[in-house]
Protein chains: 2
Amino acid sequence: MGRRRITLADVARAAGVAPATASLVLSGRGDELRISEAVQLRVRETAESLGYRPNIVSQGLRSGSSRTLGLVSDTVATSQLAGDMIKGALEAANERGFLLFIGETEGDKAAERRLLDGMLDRQVDGIILASMFTRTRPLPAGLDQAPTILLNALPARPAPLPSVVPDELDAGRRAAQLLLDAGHRRIHLMGAGPRPGDVPPGTVAGVERLAGILEVLRGAGLEPAGALNLSSWEPPDGWRAGREILASEEPAEAVICFNDRLAFGAYQAAQETGRRVPEDLAIVSFDDHPLAAWLRPGLTTFAIPHHALGRRAVELLAEAVSNGEQQREASVHRIAMPLRERGSVASADQVQGRAERAAQ
Amino acid sequence: MGRRRITLADVARAAGVAPATASLVLSGRGDELRISEAVQLRVRETAESLGYRPNIVSQGLRSGSSRTLGLVSDTVATSQLAGDMIKGALEAANERGFLLFIGETEGDKAAERRLLDGMLDRQVDGIILASMFTRTRPLPAGLDQAPTILLNALPARPAPLPSVVPDELDAGRRAAQLLLDAGHRRIHLMGAGPRPGDVPPGTVAGVERLAGILEVLRGAGLEPAGALNLSSWEPPDGWRAGREILASEEPAEAVICFNDRLAFGAYQAAQETGRRVPEDLAIVSFDDHPLAAWLRPGLTTFAIPHHALGRRAVELLAEAVSNGEQQREASVHRIAMPLRERGSVASADQVQGRAERAAQ
DNA sequence: TACGCGTGCTAAGCCGATTTAGCACCCCCG
DNA sequence: CGGGGGTGCTAAATCGGCTTAGCACGCGTA
């Protein structure tokens with residue numbers, strides 16, 4: 001619409017120089033190629049007054065770079081949980097002068113193919129394959145056309161691609177340590193365990209959370225006081241499991257729930273059996289689901305760092321692009337999961353006090 | 001990375017023809033320009049076997065079109081409420097072979113300028129200016145470079161741009177009609193009114209909802225039984241207003257809340273004063289906020305059609321782009337707000353029954 | 001006078017596709 | 001044998017910017 005864009009040729013003509021000269025001046029190579037100060041000034045002023053902006057498409061045709069990245073997600077952009085991931089990615093891209101194509105596959109292979117082709121046809125400088133939930137995923141073909149990074153996902157089979165994922169192993173360690181520090185020795189697991197690899201199929205997070213937990217418990221000379229490897233991690237599952245571990249002869253006093261929805265069910269079970277959180281039952285969990293802040297008391301949980309994940313993926317990818325890296329490596333970048341301390345774990349003092357009261 | 005892309009020249013060379021020939025064949029103009037069937041077949045097979053895909057950037061340089069749209073939102077992409085808007089836009093874009101640049105401004109003018117320039121520099125075919133909440137917004141400069149459409153927003157001052165917004169006027173009408181149909185004659189308004197324009201400043205939706213409501217009430221020979229023009233539409237405001245209208249000599253029996261958060265407060269007020277919804281107090285509202293489905297009984301409300309809004313904006317923009325429209329008009333496209341009938345309004349039968357019981 | 005050299009700028013090719021004018025060839029007819 | 005006309009394809013320009021080889025000019029020196 002409206003007026004034609006001002007091109008470099010327009011600027012050159014108006015300034016009375018050759019297009020090549022204008023290009024050199026405006027790309028900062030004026031001194032290097034001995035363009036006089038007077039001409040440089042004239043070109044710059046002309047460009048300014050005409051409102052010249054270089055056509056990136058054209059630059060890209062020649063240089064092979066488009067200052068553009070493509071983000072292909074399964075369903076990330078639309079879901080609240082991971083919307084922050086997109087936001088982090090957008091921010092980081094913007095800071096580096098990249099623009100982001102975004103596409104959603106809804107898990108459909110053909111849609112993924114179409115999006116990927118569309119992005120590659122538009123000469124994106126890099127591709128981000130994002131997932132809503134941390135998972136392993138197969139890699140589509142054609143990724144040799146542009147640097148690629150996996151966001152919240154790991155390659156299903158070894159591939160020379162970097163990945164950015166939450167540091168679930170570390171979160172598992174810290175969850176266990178948190179309960180140990182609060183004075184608990186008998187720690188139940190809800191969702192996975194008791195042995196490494198005892199997790200529902202297909203979950204990446206579960207494996208690592210469990211590994212971290214077991215590492216710390218064993219380091220303290222402990223085993224889980226109990227563990228339920230549940231195939232589904234929804235509130236009703238948590239409720240059932242909660243009833244179970246609270247009804248036994250030695251009712252649970254501390255539990256690590258493998259996600260917040262399980263914890264939500266555990267809260268209900270505690271409430272129904274007259275237990276108070278955290279006095280009678282300490283709960284720590286993972287995800288920082290929106291509901292975690294709404295529970296009474298607030299749920300202490302390790303958050304999935306969506307924003308940081310998105311940001312980091314773009315940072316790494318942009319760097320690879322800028323360095324013109326041809327060779328990628330299968331590195332895994334783990335992003336710390338921040339602890340949201342709310343009220344579902346009491347401090348050691350409180351636990352101590354309770355033990356004393358119980359002893360009276 | 002990896003292998004260089006196959007170009008048209010590669011195909012031409014492999015097929016033993018000139019690039020021009022290959023181009024004609026592959027763009028379907030082979031017959032028109034009398035390329036023999038044999039050559040056409042050869043070119044097509046060669047392209048196929050080499051996996052040739054045209055470089056859209058290059059096509060764009062020549063044709064001026066990039067098959068790309070830019071969506072600039074204030075904070076839409078990241079927020080759950082309006083994530084569906086993005087999703088609808090992505091879907092519609094994909095169906096039409098467009099890819100979407102997405103950017104968020106966080107309400108910052110400079111960021112908006114940067115994003116817009118970045119998109120225009122990349123030769124987007126069209127621009128979508130999206131807003132999280134329906135509002136009027138000033139227009140940045142430079143929109144004459146590409147067809148533009150406003151999504152969930154209206155231009156602050158008259159401009160030759162189409163807009164896509166929810167049909168709040170119609171929803172207002174239907175909300176009033178819904179209560180009339182249920183047998184109510186004394187209808188309270190919570191949030192705006194009683195006279196046209198009695199709304200908190202800066203709200204677009206309020207004006208139209210109110211106009212629609214008043215139109216229907218007056219058509220039935222009625223005025224609102226009461227109306228509170230509230231400057232804030234949060235749950236506490238709804239709670240206070242609810243206490244007020246339920247405490248009067250003739251307590252309210254039906255209320256139209258100007259949004260779901262107000263309605264949420266009204267529920268609380270009803271509960272505390274021993275009123276049942278919908279038997280003692282019928283409530284209808286707007287937005288279909290996630291909490292609307294969680295209330296007991298479920299809140300009957302008119303949903304903001306985010307998905308349809310996003311889809312429609314892209315449809316209109318893509319059409320304008322395809323038709324090469326130079327001239328835009330200041331049309332406003334109103335998208336119907338679907339009624340989510342839950343349980344907060346009783347049918348006329350039930351209301352009738354209640355009246356009879358009361359008369360006994 | 002002729003040559004070398006530094007200075008300041010430009011011509012021209014390139015990226016990958018599209019498009020148009022027109023070339024080369026053959027056939028047919030007078 | 002020459003000209004008209006159709007057929008089948010291609011050369012070359014174009015989009016907008018980048019890049020490199022090299023031109024023109026003036027000055028100093030032998």
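Below, chains carry the letters A, B, ... as their sequence lines are ordered, and counting in each starts from 1. Just so you know, these numbers come straight off a predicted model, no measurement behind them.
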*Any pair with a residue in residues 152-166 of chain A that passes side chain to side chain donor-acceptor pair (under 3.5 Å), sequence neighbours left out, goes on the list, sorted by first then second residue, please.*
A:T134-A:N152
*Tell me: CZ of A:R34 to C1' of C:dG6, nearest whole Å?*
7 Å
*asked:* Contact between B:L129 and B:L161 at the side-chain level, heavy atoms closer than 4.5 Å - yes or no?
replied: no
_Sugar-phosphate, base or nothing in reach of B:S36, heavy atoms under 4.0 Å_ = sugar-phosphate
*Whole angstrom is fine here: how far is it from CD in A:Q123 over to P in D:dG17?*
18 Å
*asked:* Measure CG/B:L24 against C1'/C:dA21 and give the value in whole Å, please.
replied: 13 Å
*Can you check whether B:Y52 has a side-chain N or O nearer than 4.0 Å to OP1 or OP2 of C:dG16?*
no
_Out of D:dC9, C:dC9, C:dT20, whichever nucleotide has its closest atom nearest the side chain of B:I35_ = D:dC9
*Could you state the atom-to-atom distance from CZ of B:R53 to P of C:dG16 in whole Å?*
16 Å
*asked:* Looking at B:D10 and B:R13, is there a salt bridge between them, counting it only when a charged N and a carboxylate O are closer than 4.0 Å?
replied: yes
_What is the distance, to the nearest angstrom, from the CZ atom on B:R122 to the P atom on D:dG17?_
14 Å
*Would you please say whether a donor-acceptor pair under 3.5 Å links the side chains of B:D31 and B:Q40?*
yes
*Reckon B:S23 has a side-chain N or O less than 4.0 Å from the OP1 or OP2 of C:dA17?*
no
*Salt bridge check: are A:R137 and A:D74 linked by an N-O gap of less than 4.0 Å?*
no
*How close or far is atom P of C:dG16 from atom CG of B:N55, stated in whole angstroms?*
7 Å
*Sugar-phosphate only, base, or nothing, as touched by B:L8 at under 4.0 Å among non-hydrogen atoms*: base
*Take the protein atom CG of B:L33 and the nucleotide atom P of C:dG22, then report the distance between them rounded to whole Å.*
15 Å
*Below 4.0 angstrom, N of the basic side chain to O of the carboxylate: do B:R114 and B:D121 qualify?*
no
*asked:* Return whichever of B:V17 or A:S27 has its heavy-atom-nearest nucleotide of DNA chain D closer to the 5' end.
replied: B:V17
Output one line per pair: protein atom, nucleotide atom from nucleotides 11-15 of chain C, and distance, for all N/O pairs under 3.5 Å.
unit_1, atom_1, unit_2, atom_2, d
C:dC14, O2, A:R62, NE, 2.6

*Does OP1 or OP2 of C:dT18 have a side-chain N or O of B:Q59 closer than 4.0 Å?*
yes
_Sugar-phosphate, base or nothing in reach of B:V57, heavy atoms under 4.0 Å_ = nothing
*Atom CD of B:Q40 and atom C1' of D:dC9: how far apart are they, to the nearest Å?*
12 Å
*Is the shortest heavy-atom distance from the side chain of A:M132 to the side chain of A:S73 under 4.5 Å?*
no
*Using only side-chain N and O atoms of A:R5, determine if any of them is under 4.0 Å from OP1 or OP2 of D:dG16.*
no
